[in-house]
Amino acid sequence: MRLHLINLRSLYVLMPNSAPSQPLSLLDTANHLQRIRHTCAHILAMAVQRLFPNAKVTLGPWTETGFFYDFDCPTPFTPGDLERIEAEMRQIIQADLPIIQETVDRAAIKAEIEQLNEPYKLEILASIPEDAAITRYFIGCPDSGWTNHPEVEPSLTHPVAIPPQLCWWDLCAGPHLARTGQINPQAVALESVAGAYWRGDETKAQLQRIYGTAWETPEQLQAYLQQKEEAKRRDHRKLGQELKLFSIEEQAGGGLVFWHPKGARIRRVIEDYWRQAHTAAGYELLFTPHLANLELWKTSGHFDFYRDGMFDAIDVEEQAYQLKPMNCPFHVLTYQHDLHSYREFPLRWAELGTVYRYERSGTLHGLMRVRGFTQDDAHIFCLPDQVAAEILGVLNLTETILSDFGFQDYEVNLSTRPEKSVGGNEIWQLATAALIEALETKGWPYLTDEGGGAFYGPKIDIKIRDAIGRLWQCSTIQVDFNLPERFGMEYVAADGSRQRPIMIHRAIFGSLERFFGILIENYAGLFPLWLAPVQVRLLPVSDKQRDYAEQLAQQLKQQGFRAEVDQSGDRLGKTIRTAELEKIPVIAVIGNRELESEMLSVRTRAEGELGSLTLQALIKKMQDAIAHRSLI
RNA sequence: GCCGGUGUAGCUCAGUGGUAGAGCACCUAACUCGUAAUUAGGGGGUCGUGCGUUCAAAUCGCAUCACCGGCUCCA
């Protein structure tokens, strides 16, 4: 997942991205942890400049888990450098230097920065509004006569001893701690170095960003590191490999997903469930091509607006054809084939549509960011006064589906009109009001992202919270004024006139690939019984019980279970170990005792050994677990 | 795409200029076994790819592809 850590647009308004309406008050004394982190960023910058006098400082804010600082440094920082920088930071912390705020005069500080040759700081200074107060923060005592870039001989082999009168400063709005010694050096760690662009703009200079984490106590640091380990343990790329769910093949190209038999079984369960749920909610299901004449994409506007995300066109008998990056124009064409009456509305058309988008190589990431994926897409064509009810219907269906996959905690965003957009103000207001009405009827709290909508209409995005608290964006509901206009869509109204329908785009999983990745991580590979690729494995104690085990497996399969017999010929202990490592929910041992008693010795992933059960009792137990979508 | 890192057997990894290794997996044989690894043997790699340096390259250089950590992007 990408964590949006902070807003970098202005050094003077530091705010967590998750709560954009609550900037950190400069007078806020309660945010001790943020002060720790912000001060750590300064200490990091000070340490780096002491060890690497050529490094230019830029800026370094606090984040949700720590801090970072971006440097322009001609030599790349190595992992070994990080260790030395961290050691230097500890020295600065342990020297317990005072941190002193000073309000400065613009012209005077400008001259001072110029003298220090810190071009990025000059740019920051220039971006501070004329009427704003300008402050700097010293680490160490400003009266000591020492200043940045001290004449201390820097050393790359060992930390530089900190003279007590040392001083370093950074242009900054604060807030900070009063002394470096208020930081627990055992609760701070540097994490990684990465590339970053100055001002987040890829046309500007590439900087080196050093990430660190900082907490109030060593225990909190340990807890954070454990959480990171847990996320690593659940990584869908690792589990996907171990559980033989999917792969991405270098020979085929990056970002193209191969669903292996076990992953494909899960996908089929998901798709079957999805089709059933949509049919029940009044949707029709469509199938459309993967490719179409490029003219279609010119008509839709995608060629103008999103060409960068499309693969190059394919020449077909001197006509340009385009691999589809979206399904919507195909649904519009399907609509256009017939003349529609208002009496048919709302029309709800859904498709598991596979789209292909050009994503830059560096952005590809397992199942989360790919170049070919299947959207659980749908388009609703309706009358203006049906929009709010349709949106509400989508919210209800979304809740039903997501909660059946174990997601009950959502964060909802409403995104309004962006600068670059189409359509009249009136219709934007109408659509936005319909989205709000639906959200309020549903009773879901939401955050508003002003200007975050699509160019063609406002949208609702729903993020789900997973088992370890991470948020994932999946569902999206968008009102579209653009496509009906561009394609000249019409319906016949009650008075016989031709009118333009409203179009709603929506996806609940978003992409099947991505949702599968989220499921793997959410369940840590321990899929609930209804999703498990192998639900029950029968383990014959020796070859003598193999035929009997096969008969039982056959009966289970006839009841619709995904059942199989261990064919390895290994000893019992090994077959159990194998089944456990494969995270199979139910295993049943078949030995002579079971053969004679016609029972099964059952062991489940959640409950351990259950003792002897009849086949009927096991079937009942599994049917219950499937009905409740539980782990068993 | 950009910055940095990585690429050796199906998987996880060792191997710093001189005849490619281990564990697991796979195959074969023996054992016919009771709740997380039976024993023995065997097969398997143009060391991501290409070009170069060298008497000699997994090892050094350049290019390229893929992946990893980020940035940027994400209709």
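Given the structure is predicted, the values throughout are model-derived calculations rather than measurements. Chain letters run A, B, ... following the sequence lines, proteins first, then strands; residues in each count from 1.
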Novice: Work out how far the P atom of U64(B) is from that of A40(B), and round it to whole angstrom.
Specialist: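 Straight-line distance between the two P atoms is 50 Å.
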
Novice: Taking the C1' atom of each, how far is G52(B) from G41(B), in whole Å?
Specialist: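 Approximately 44 Å lies between the C1' atom of G52(B) and that of G41(B).
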
Novice: Base, sugar-phosphate, or nothing: which does Gly309(A) touch, judged by heavy atoms less than 4.0 Å apart?
Specialist: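 It contacts base atoms.
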
Novice: Any salt bridge (Lys or Arg N to Asp or Glu O under 4.0 Å) involving residues 289-301 of chain A? Give me the pairs, sequence neighbours left out, ordered by first then second residue.
Specialist: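 Qualifying pairs, neighbours excluded: Glu295(A)-Lys298(A).
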
Novice: Without decimals, in angstroms, what is the distance between Leu364(A) CG and C68(B) P?
Specialist: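 Result: 8 Å.
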
Novice: Rounded to whole angstrom, note down the C1' distance from G48(B) over to G34(B).
Specialist: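 To the nearest whole Å, 47 Å.
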
Novice: Could you tell me how far apart Lys238(A) (NZ) and C68(B) (P) are, to the nearest whole angstrom?
Specialist: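 It works out to 15 Å between those atoms.
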
Novice: Name the residue from Tyr456(A), Phe487(A), Trp428(A) that meets the ring pair (Phe, Tyr, Trp, His ring centres under 6.0 Å) definition with Phe481(A).
Specialist: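 For Phe481(A), the ring pair (Phe, Tyr, Trp, His ring centres under 6.0 Å) check succeeds only for Trp428(A).
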
Novice: Could you list, one pair per line, each protein nitrogen or oxygen that sits under 3.5 Å from a nitrogen or oxygen of nucleotides 3-8 of chain B, together with the distance?
Specialist:
residue : atom : partner   : partner atom : Å
C3(B)   : O4'  : Gln206(A) : OE1          : 3.4
C3(B)   : O4'  : Gln206(A) : NE2          : 3.3
C3(B)   : O2   : Gly195(A) : N            : 3.2

Novice: If pairing requires Watson-Crick or G-U wobble contacts with both distances under 3.5 Å, which nucleotide is the partner of C11(B)?
Specialist: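 C11(B) is paired with G23(B).
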
Novice: Take atom NZ of Lys544(A) and atom C1' of U32(B), then tell me their distance rounded to the nearest Å.
Specialist: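 Whole-Å distance recorded here is 5 Å.
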
Novice: Any donor-acceptor pair under 3.5 Å between the side chain of Tyr197(A) and the base of G1(B)?
Specialist: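 Yes.
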
Novice: Rounded to whole angstroms, how far apart are CD on Gln251(A) and P on G48(B)?
Specialist: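 Between P of G48(B) and CD of Gln251(A): 15 Å.
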
Novice: Students often get this wrong, so: under 4.0 angstrom with heavy atoms, is Phe305(A) touching a base, only sugar-phosphate, or nothing?
Specialist: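 Contact class for Phe305(A): none.
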
Novice: Of the listed nucleotides (C71(B), G69(B), U35(B)), which one gets closest to any side-chain atom of Leu572(A)?
Specialist: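 Taking heavy atoms from C-beta onward, the closest nucleotide is U35(B).
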
Novice: In this structure, how many angstroms lie between the P atom of C26(B) and the NZ atom of Lys574(A), rounded?
Specialist: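 It is 7 Å, rounded to the nearest whole Å.
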
Novice: Per the atom types in the model, does the base of C73(B) pair as donor or acceptor with the side chain of Arg357(A) at under 3.5 Å?
Specialist: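 Between C73(B) and Arg357(A), which were checked side chain against base, a qualifying N/O pair under 3.5 Å is absent.
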
Novice: As a test of reading the structure: which of A75(B), U35(B), C31(B) is closest to the side chain of Ser601(A), going by heavy atoms?
Specialist: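 Given the options A75(B), U35(B), C31(B), the side chain of Ser601(A) is closest to U35(B).
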
Novice: Closer than 4.0 Å, any side-chain N/O of Ser361(A) to the OP1 or OP2 of G1(B)?
Specialist: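 Yes, because at least one side-chain N or O of Ser361(A) sits under 4.0 Å from OP1 or OP2 of G1(B).
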
Novice: Using both distances under 3.5 Å as the test, list the Watson-Crick or G-U wobble partner of C73(B), or none.
Specialist: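 WC or wobble partner does not exist here.
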
Novice: Can a salt bridge be assigned to the pair Glu229(A) and Arg233(A) using a cut-off of 4.0 Å between side-chain N and carboxylate O?
Specialist: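 The answer is no: the pair does not qualify as a salt bridge.
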
Novice: Just the rounded figure in Å: distance from C1' of G34(B) to CG of Leu610(A).
Specialist: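 Atom-to-atom, Leu610(A) to G34(B), this comes out as 16 Å.
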
Novice: Taking pairing as Watson-Crick or G-U wobble with both contacts under 3.5 Å, can you name the mate of A63(B), or confirm there isn't one?
Specialist: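 Looking at the geometry, A63(B) pairs with U49(B).
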
Novice: With sugar-phosphate meaning primed atoms plus P, OP1 and OP2, does Glu594(A) contact a base, only sugar-phosphate, or nothing at under 4.0 Å between heavy atoms?
Specialist: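 Contact class for Glu594(A): base.
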
Novice: For the pair made of CZ in Arg360(A) and C1' in C71(B), what is the distance, rounded to whole Å?
Specialist: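 So the CZ-C1' distance, Arg360(A) to C71(B), works out to 10 Å.
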
Novice: Considering only side-chain heavy atoms of Pro325(A), which listed nucleotide, C73(B), A75(B), U38(B), is closest?
Specialist: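 Closest nucleotide to the Pro325(A) side chain: A75(B).
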
Novice: Can you tell me how far P in G5(B) sits from the matching atom in G42(B), rounded to whole Å?
Specialist: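 Approximately 42 Å lies between the P atom of G5(B) and that of G42(B).
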
Novice: Given the C1' atoms of U49(B) and U32(B), what is the spacing between them in whole Å?
Specialist: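 Pairwise C1' distance, U49(B) against U32(B), rounds to 49 Å.
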
Novice: Checking side-chain polar atoms at under 3.5 Å, does Asp70(A) have a donor or acceptor matched by the opposite partner on Gln208(A)?
Specialist: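 The criterion, which ignores hydrogens and geometry beyond distance, is not satisfied for Gln208(A) and Asp70(A).
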
Novice: Any side-chain N or O of Arg603(A) less than 4.0 Å from the OP1 or OP2 oxygen of A36(B)?
Specialist: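 Yes, such a contact exists.
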
Novice: Check this one for me: any side-chain N or O of His365(A) less than 4.0 Å away from OP1 or OP2 of G69(B)?
Specialist: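 Answer is yes, contact under 4.0 Å.
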
Novice: Determine, for Glu582(A) against Lys244(A), whether the closest basic-nitrogen to carboxylate-oxygen distance falls under 4.0 angstrom.
Specialist: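 Here Glu582(A) does not pair with Lys244(A) in a salt bridge, since their nearest N and O are not under 4.0 Å apart.
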
Novice: Once you apply a heavy-atom cut-off of 4.0 Å, does Glu191(A) come out as touching a base, just sugar-phosphate, or nothing?
Specialist: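 Nothing, no heavy atom under 4.0 Å.
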
Novice: In whole Å, what is the span from the NE2 atom of His260(A) to the P atom of G10(B)?
Specialist: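 Rounded to the whole Å, the gap is 14 Å.
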
Novice: Taking any heavy-atom pair under 4.0 Å as a contact, classify Asp570(A): base, sugar-phosphate, or nothing.
Specialist: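 Contact class for Asp570(A): none.
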
Novice: Flag the pair Arg371(A) and Glu513(A) as a salt bridge only when some basic side-chain nitrogen lies within less than 4.0 angstrom of an acidic carboxylate oxygen.
Specialist: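 Between Glu513(A) and Arg371(A) there is no salt bridge, as every charged N stays at least 4.0 Å from the carboxylate O atoms.
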
Novice: Could you check, using the six-membered ring where one of them is a Trp, whether His379(A) and Trp349(A) have ring centers closer than 6.0 angstrom?
Specialist: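 His379(A) vs Trp349(A): aromatic centres not under 6.0 Å.
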
Novice: For the side chain of Ser542(A), starting at C-beta, report the closest nucleotide among A75(B), A36(B), C33(B).
Specialist: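 Of all the options, the side chain of Ser542(A) is nearest to C33(B).
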
Novice: Taking only residues two or more places apart in sequence or in another chain, which ones pass salt bridge (charged side-chain N to carboxylate O under 4.0 Å, His left out) with Glu450(A)?
Specialist: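 Partners of Glu450(A) by the salt bridge (charged side-chain N to carboxylate O under 4.0 Å, His left out) criterion come out as none, since no residue qualifies.
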
Novice: Under 4.0 Å between any heavy atoms, over every strand shown, what does Gly362(A) touch: base, sugar-phosphate, or nothing? Just pick one.
Specialist: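 Base contact - Gly362(A) has a heavy atom under 4.0 Å of at least one base atom.
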
Novice: Using ring centroids (six-membered ring only for Trp), state whether Phe71(A) and Phe52(A) fall under 6.0 Å.
Specialist: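 Aromatic pair excluded; centres sit 6.0 Å or further apart.
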
Novice: Tell me which nucleotide, if any, is Watson-Crick or G-U wobble paired with A40(B) when both distances must be under 3.5 Å.
Specialist: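 Partner of A40(B): U28(B).
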
Novice: Expressed in whole Å, how much space separates the P atoms belonging to G21(B) and G15(B)?
Specialist: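 Taking atom P in both G21(B) and G15(B), they lie 15 Å apart.
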
Novice: One thing to verify: whether Lys459(A) and Asp461(A) come together as a salt bridge, which I'm taking to mean a side-chain N less than 4.0 angstrom from a carboxylate O.
Specialist: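 Salt bridge between Asp461(A) and Lys459(A), a charged N being under 4.0 Å from a carboxylate O: yes.
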
Novice: Using a 4.0 Å heavy-atom cut-off, does Glu242(A) contact any base of the nucleic acid, only the sugar-phosphate backbone, or nothing at all?
Specialist: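 The answer is nothing, as Glu242(A) stays clear of every strand by at least 4.0 Å.
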
Novice: Does a nitrogen or oxygen in the side chain of Arg237(A) sit under 4.0 Å from OP1 or OP2 of G69(B)?
Specialist: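 True: Arg237(A) side-chain N/O within range (under 4.0 Å) of G69(B) OP1/OP2.
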
Novice: Does any nucleotide pair with U16(B) by Watson-Crick or G-U wobble geometry, both distances under 3.5 Å, and what is it?
Specialist: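 By the stated definition (distances under 3.5 Å), nothing pairs with U16(B).
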
